[in-house]
Amino acid sequence: MSRHTPLYEVHQSLGATLVDFAGWLMPLRYGSESAEHTTVRTAAGLFDLSHMGEVFVTGPEAGAALDYALVGEPGALQPGRARYTMICAPDGGVLDDLIVYRLAAEEFLVVPNAANADRVAGELIKRAAPYQAEVTDRSGEYALVAVQGPRAQELLATLTDADLPGLGYYTGLPGVVAGVQALIARTGYTGEDGFELFVANADAVPVWNALTEAGARPVGLSARDTLRLEAGMPLYGNELTADRTPFDAGLGRVVKFDKKGDFVGKTALAARQSPPERLVGLVARGRRVPRHGYAVVDEAGTVVGEVTSGAPSPSLGKPIAMAYVAAAVPENGGLAVDIRGTREPVDVVDLPFYRRKK
Amino acid sequence: MSTIPNELSYTKEHEWVAGLEDGLTVTVGITDYAANALGDVVYVQVPEAGDTVAAGDAVGEVESTKSVSDIYSPVSGEVVETNQAVVDDPSLVNSDPYGEGWLFRVRVDGEPSDLLTAEEYATLTAGENA
């Protein structure tokens, strides 16, 4: 039985196609997913992300506990700042990618993916045990609504007195939105400017309705996936798994070897900085779509890698994909993807596929 | 709610067949229900004119943002025409599945079997979740 977010009835009333995602019944799309994608690229889209986790870490040693538990250095953040980071296993494998917000000197909010929320909370409790820090999984108490796109600030500004222009990328502050208390964060997963609003479950519907009345259009998970793929952002379960390190995914910069003290995975990660495979972007020359699990082959037909995510890109008008390929494979090596038995040529490109105009 | 025109025949794989009553050449497409389930169709591959097809053969494919599905020929015979407009603009499958979104035409060889009436297809799709 799938769980429902506080916005479930709203999605139903909008006629959304609902699908199970990580144990939650979530909107896949409300109408045309291409139109929803374009809305986020050109105006402002509204997402229900209430399935994501909210784990609070508090106490005098909360920062030190997170510095040990994660590969990044949240303890060095100023209050109000946020970072993209990861939690790794002792062997260096990625258990989840996270955003950590430092809300106050002794208060952090860790946001894991829905599928990993229980595991991340459990690991944090274990890893923080020696520290003067308390880990509390409050995922069940919070809804998360994101407004993303070039018009996001203009729309949100009609509903809050918070200083949005002063709120930099990857910062967050408490504020009142449409009359309810929220943590307003300038973060997202779309490659556009935008905000994520953490509110109490009971406040989700009024905030959502206020944002749609202000002009934001609902966007489902299908468009969320094409938006993040165009932006070259990894998805846990696809590009990131317990078998992959941050270095495999080209995200070694999140690992802070120079921070004080030990952290979980440090020794293993130090030895895994030159992985045998690397994550690349692929653009198909034809119109068939390379999809998750399809083999990448070289000119001789030898399998040299595997697609982790693929979709038709609304912004490029071509199929795009991310794939792990052997590190030794040359970029212009005549690569192709085996699409149900047919070699379909692809070009290797730098990530991201799409970069917004500033 | 998807539309299921009464005058058409259907397959369990969500194709529709028009023109059976005239006997010779039928038009094939995919149903509104299937188009809704797929989402935005971005690529359509149809058989080529002149191809000989047998009922139940995978003869093409239809791709959306999230998935890809085979197109099965509902009838046996020779493909006599394909819809270049839908190849050029696959969104016609979503916007007009029973009209401009048709896929190909087959000169039927023998008596088609195993096709569903509109009523039977409605019963079938009522039991599935789009």
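Naming: A, B, ... by sequence-line order, numbering from 1 per chain. Scope of the values below: all heavy atoms of this structure, side chains included, with no hydrogens, waters or symmetry mates.
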State whether the number of non-hydrogen atoms from other residues, nucleotides or ligands found under 6.0 Å of [X] atom [atom1] is greater than 12.
X	atom1	value
B:Glu48	CD	no
B:Asp114	CG	no
A:Gln12	CD	yes
B:Glu81	CD	yes
B:Asp88	CG	yes

Query - Contacting moiety of B:Ser67, where chain A heavy atoms sit under 4.5 Å - result: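 Answer is backbone: N, CA, C or O of B:Ser67 sit under 4.5 Å from chain A.
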**Report entry** Interface moiety of B:Val62 toward chain A, non-hydrogen atoms closer than 4.5 Å
**Finding:**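 Contact with chain A is absent: no heavy atom of B:Val62 under 4.5 Å.
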Query raised in the report: Is any side-chain heavy atom of A:Arg287 closer than 4.5 Å to a side-chain heavy atom of B:Gln45?
Result: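 Of all side-chain heavy-atom pairs linking B:Gln45 with A:Arg287, none is under 4.5 Å.
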Query raised in the report: Do the side chains of B:Val68 and A:Val289 get nearer than 4.5 Å, heavy atoms only?
Result: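 When only atoms from C-beta onward are counted, B:Val68 and A:Val289 do not touch, as no gap falls below 4.5 Å.
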Query raised in the report: Is any NZ, NE, NH1 or NH2 atom of the basic residue among A:Glu33 and B:Lys66 found under 4.0 Å from an Asp or Glu carboxylate oxygen of the other?
Result: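 Between B:Lys66 and A:Glu33 there is no salt bridge, as every charged N stays at least 4.0 Å from the carboxylate O atoms.
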Report task. Identify the two heavy atoms, one from B:Glu63 and one from A:Arg288, that lie closest to each other, and give their separation to 0.1 Å. Result ->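 Taking every non-hydrogen atom into account, OE2-CA, 3.5 Å.
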**Report entry** Which portion of A:Ser34 sits near chain B, non-hydrogen atoms under 4.5 angstrom
**Finding:**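 Backbone plus side chain of A:Ser34, per the 4.5 Å heavy-atom cut-off to chain B.
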Query - Atom group of A:Arg340 that falls short of 4.5 Å from chain B, counting heavy atoms - result: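 For A:Arg340, the contact with chain B is made by the side chain alone.
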Query raised in the report: Got a second to check how far B:Thr65's OG1 is from A:Asp225's CG, nearest 0.5 Å?
Result: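 Nearest 0.5 Å value for the OG1-CG distance: 9.5 Å.
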Requested in this report: Supply the atom-to-atom distance A:Thr226 OG1 to B:Asp40 CG, rounded to the nearest 0.5 angstrom.
Outcome: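 If I round to the nearest 0.5 Å, the distance is 9.5 Å.
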Report task. Applying side-chain contact (heavy atoms from CB on, under 4.5 Å) between B:Val42 and each of A:Pro314, A:Pro312, A:Ser313, report the one that passes. Result ->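 Only one of A:Pro314, A:Pro312, A:Ser313 forms a side-chain contact (heavy atoms from CB on, under 4.5 Å) with B:Val42, namely A:Pro312.
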Requested in this report: Identify which of A:Ala311, A:Ala223, A:Ser32, A:Gly31 forms the greatest number of heavy-atom pairs closer than 4.5 Å to chain B.
Outcome: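 Sorted descending by pairs with chain B, the first entry is A:Ser32.
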